[in-house]
Amino acid sequence: MEALYERLAEAASGLSADGAIRVVAQYEPVAGAGAPVAPPTVKLKDSDGPGQLFEDRWVGGQRTRVVLLDQRQSQANRCETALLEAVDLGDVVVPHLALHVTAEGRELRMTNLDAPHRSRDAYFRDALDESGVKFDETDTGRALRDTGTSDVRAFLEWAPSDLVFGLWDSHRKRRVQLKVPRTYTSEMVGLDPLSGKRAAGRFDKWNFPGDNVELTADGWRPVDGTGKKSSKGKTLKASAVGHGMIPPVEGMGGVTVQAIERNATLATAGLRALRFGDASKEYVQAARALLAALALVGDRLAFAGPAVRLRSGCDLLLVSERIEWVGRGHEGVAVTEPLELDTAGQALELFEFARSRAEEAGLKWSKEPVRLRPNSQVQQAIERSFRLEGIGEAEGE
């Protein structure tokens, strides 16, 4: 493990010919090659309904139609979710922010590993520490707020995963907005997709009488099917309360693809771009190596297993995988060499070794998260959202 760490440390600081670490994996549907899979649905420009993302790419020197099965943002989120689970299980220590909320009897938590904008999310900007001080005015909050690209030590110490998966403090004044591009990227695509169709509807076993209902103080009641506003309020379709027949309607189905590929990279150039102020050379090298190890842990925790679930209808079996060093090219071809890091356990071992080296170089990592709570405005908004949960959808039918 020490030899692997030393090579990683040299690569992360540009002291070797290694320019990246690359993961190339092939998958097939759990039902077998040729079975349909479900891509994500998105709102397409100039379209009234949902769609799927198709584009042309060069694959093996051939122009190939592909369908995006999981985009970079989603793949990064899967790594973060896997890291957070490992933190909760005590398998790894990763400093993070944790916002705790109580609303309508529910205990909620949001961390920078699952917040929409990571540690720069508005929820953290509008948070208080446990003593009631605005987070931005605490030592940690102020350090994160005032961090610039010349010294990102505050993020390394309090939210290191942000430096791996990328951050943008977009709500600050433009001249002080911090942007850190992701150093780890991953994506899954299906090659040569053939689109399918499906019909979806709802069968009502008890043949619910009538098409309309009216909301009442204690729930709802059936009304005639005129659709006119009753004396007590607006009539809704029975489907608004989960009843009634819905005839099958044709819609988008899954896609059948020739092959499914995942390509992930850890770019050493991105790690070299990270600056740590006046820290020692030993600290800088160890910090970059630690972030590289963190990226590899996230990847292995999320994707080293025999199968992965992207969403309903998209369970995939890992068929083959190679992890490799990618070095400076020779005679027009990039030089590659196998990297033996097949399991999450191996990645965790590498990460712990990197963490110990970084701490020897002066890094201080807290084993406890920065615990926060919402301010009164956010608390009220969350409580209101929970009280109204489900009502808005029914009234909008």
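This one's a predicted model, so the numbers in the text were calculated from it and none came from an experiment.
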From CA spacing to verdict: side chain to side chain contact (heavy atoms under 4.5 Å, CB included), Glu85, Val87: CA-CA 5 Å; Glu85 181 180 10; Val87 168; over 6 Å; no
CZ/Arg118 to OG/Ser161 distance, rounded to the nearest 0.5 angstrom? 7.5 Å
With rounding to the nearest 0.5 Å, note down the distance linking CE in Met110 to CZ in Phe124. 6.5 Å
Would you call Arg57 and Glu55 a salt bridge, taking side-chain N to carboxylate O under 4.0 Å as the test? yes
NZ/NE/NH1/NH2 to OD/OE distance under 4.0 Å, Glu321 and Arg300: yes
Looking at every non-hydrogen atom in both residues, tell me the closest pair between Arg78 and Leu310 and how far apart they are. NH2-O, 2.9 Å
Taking Thr268 for the side chain and Gly19 for the main chain, is one N or O donor matched with an acceptor at less than 3.5 Å? yes
Does atom NE2 of His100 have more than 12 heavy-atom neighbours, drawn from other residues, nucleotides or ligands, at distances under 6.0 Å? yes
Hey, quick one: are Val93 and Val370 part of the same hydrophobic cluster, counting side-chain heavy atoms closer than 4.5 Å, chains of contacts allowed? no
Identify whether the distance between the nearest side-chain nitrogen and carboxylate oxygen of Arg106 and Glu104 falls below 4.0 Å. no
Using modelled atom types only, decide if a donor and an acceptor are shared between the side chain of Ser356 and the backbone of Phe353 within a distance under 3.5 Å. yes
For the atom pair OG1 (Thr185) and CD (Gln73), what is the distance rounded to the nearest 0.5 Å? 11.0 Å
Is Glu6 reaching over with its side chain to a backbone N or O of Ala3, donor-acceptor style, under 3.5 angstrom? no
Consider only side-chain heavy atoms of I, L, V, M, F, W and Y, link residues closer than 4.5 Å, and tell whether Leu99 and Leu108 are in one cluster. yes
Under a 4.0 Å N-O cut-off, is there an ion pair linking Arg357 with Glu282? no
Between Lys134 and Asp136, does any NZ, NE, NH1 or NH2 come within less than 4.0 Å of an OD or OE carboxylate oxygen? no
Whether Asp192 side chain and Gln258 backbone form a donor-acceptor pair below 3.5 Å: no
Ion pair Asp129/Arg373, N-O distance below 4.0 Å: no
Any donor-acceptor N or O pair under 3.5 Å, side chains Thr102, Glu107: yes
For the ring pair His243 and Trp220, is the centre-to-centre distance below 6.0 Å? yes
Interatomic distance, Tyr123 atom OH to Asn375 atom CG [nearest 0.5 angstrom]: 11.0 Å
Heavy-atom nearest pair, Pro374 first then Leu128, reads O-CD1, 4.1 Å
Can you check side chain to side chain contact (heavy atoms under 4.5 Å, CB included) on Met188 and Arg72, steps first, answer last? CA-CA 8 Å; Met188 295 184 73; Arg72 292 180 177 89; over 6 Å; no
Are the side chain of Ser150 and the backbone of Gly148 linked by a donor-acceptor contact shorter than 3.5 Å? no
Hey, are the side chains of Arg22 and Ile323 touching, using non-hydrogen atoms and a 4.5 Å cut-off? no
State, to 0.1 Å, how close Trp158 and Ser366 come at their nearest heavy-atom pair, and which atoms those are. CZ3-CB, 4.2 Å
Got a donor-acceptor contact below 3.5 angstrom from the Gln177 side chain to the Ser170 backbone? yes
Residue pair Leu144, Phe135: steps toward the side chain to side chain contact (heavy atoms under 4.5 Å, CB included) verdict: CA-CA 10 Å; Leu144 293 174; Phe135 179 52; 4.0 Å; yes
Count I, L, V, M, F, W, Y as connected when their side-chain heavy atoms are under 4.5 Å apart, and connections chain through other members. Are Leu339 and Leu350 then in the same cluster? yes
Any Leu341 side-chain heavy atom under 4.5 Å of Leu4 side chain: yes
Pairwise distance CG(Leu372) to CG(Asp126) - rounded to 0.5 angstrom: 11.5 Å
Keeping Ser16 on the side-chain end and Asp18 on the backbone end, is there a donor-acceptor pair under 3.5 Å? yes
Between Glu157 and Trp365, do the side chains contain an N or O donor and an N or O acceptor separated by less than 3.5 Å? no
Grab the two heavy atoms, one from Cys79 and one from Tyr184, that are nearest each other, plus how far apart they are. SG-OH, 3.5 Å
Taking atom NZ of Lys43 as the centre, report whether more than 12 heavy atoms of other residues, nucleotides or ligands fall under 6.0 Å from it. yes
Heavy-atom distance under 4.5 Å between the side chains of Val326 and Val335, does that happen here? no
Under 3.5 Å, is there a donor on one side chain and an acceptor on the other for Ser74 and Asn77? no
Any side-chain heavy atom of Leu191 within less than 4.5 Å of one from Val257? no
Taking all non-hydrogen atoms of both residues, which atom of Ala98 and which atom of Pro369 are closest, and how far apart? CB-CB, 4.1 Å
Between the main-chain N or O of Leu15 and the side-chain N or O of Arg272, is there a donor-acceptor pair closer than 3.5 Å? no
Indicate yes or no: does Arg153 engage Asp278 in a salt bridge with an N to O separation below 4.0 Å. yes
Scan side-chain atoms only and decide if Asn112 and Asp121 contain a donor-acceptor pair under the 3.5 Å cut-off. no
Is there a donor-acceptor contact under 3.5 Å linking the side chains of Gln75 and Gln71? no
Atom CH2 in Trp325, atom CG in Leu266: separation rounded to 0.5 Å? 8.5 Å
Derivation and outcome, side chain to side chain contact (heavy atoms under 4.5 Å, CB included), residues Leu84 and Thr111: CA-CA 9 Å; Leu84 185 57; Thr111 75; 3.7 Å; yes
When you compare the side chain of Phe54 with that of Val255, does any pair of heavy atoms fall below 4.5 Å? yes
Chi angles and distances behind the salt bridge (charged side-chain N to carboxylate O under 4.0 Å, His left out) call for Asp169, Arg125: CA-CA 10 Å; Asp169 198 357; Arg125 186 192 65 217; over 6 Å; no
Flag the pair Asp139 and Arg142 as a salt bridge only when some basic side-chain nitrogen lies within less than 4.0 angstrom of an acidic carboxylate oxygen. yes
Would you call Arg355 and Glu352 a salt bridge, using N to O less than 4.0 angstrom? yes
Arg262/Asp299 ion pair, N-O < 4.0 Å: yes
Do the non-hydrogen side-chain atoms of Tyr27 and Asp315 ever get within less than 4.5 Å of each other? no
Side chain proximity check, Arg288 to Phe276, heavy atoms < 4.5 angstrom: yes
Any ion pair linking Asp70 and Arg311 (charged N to carboxylate O, less than 4.0 Å)? yes
Note, Leu294 side chain near Val94 side chain (heavy atom, < 4.5 Å): yes
Between Val24 and Phe303, is there shared hydrophobic-cluster membership here, with clusters defined by ILVMFWY side-chain heavy atoms closer than 4.5 Å? no
Heavy-atom closest contact (Ala35 atom, Pro29 atom, distance): O-CG, 3.4 Å
Same cluster or not: are Leu68 and Leu316 linked, directly or through other Ile, Leu, Val, Met, Phe, Trp or Tyr residues, by side-chain heavy atoms under 4.5 angstrom apart? no
Indicate yes or no: does Arg145 engage Glu137 in a salt bridge with an N to O separation below 4.0 Å. no
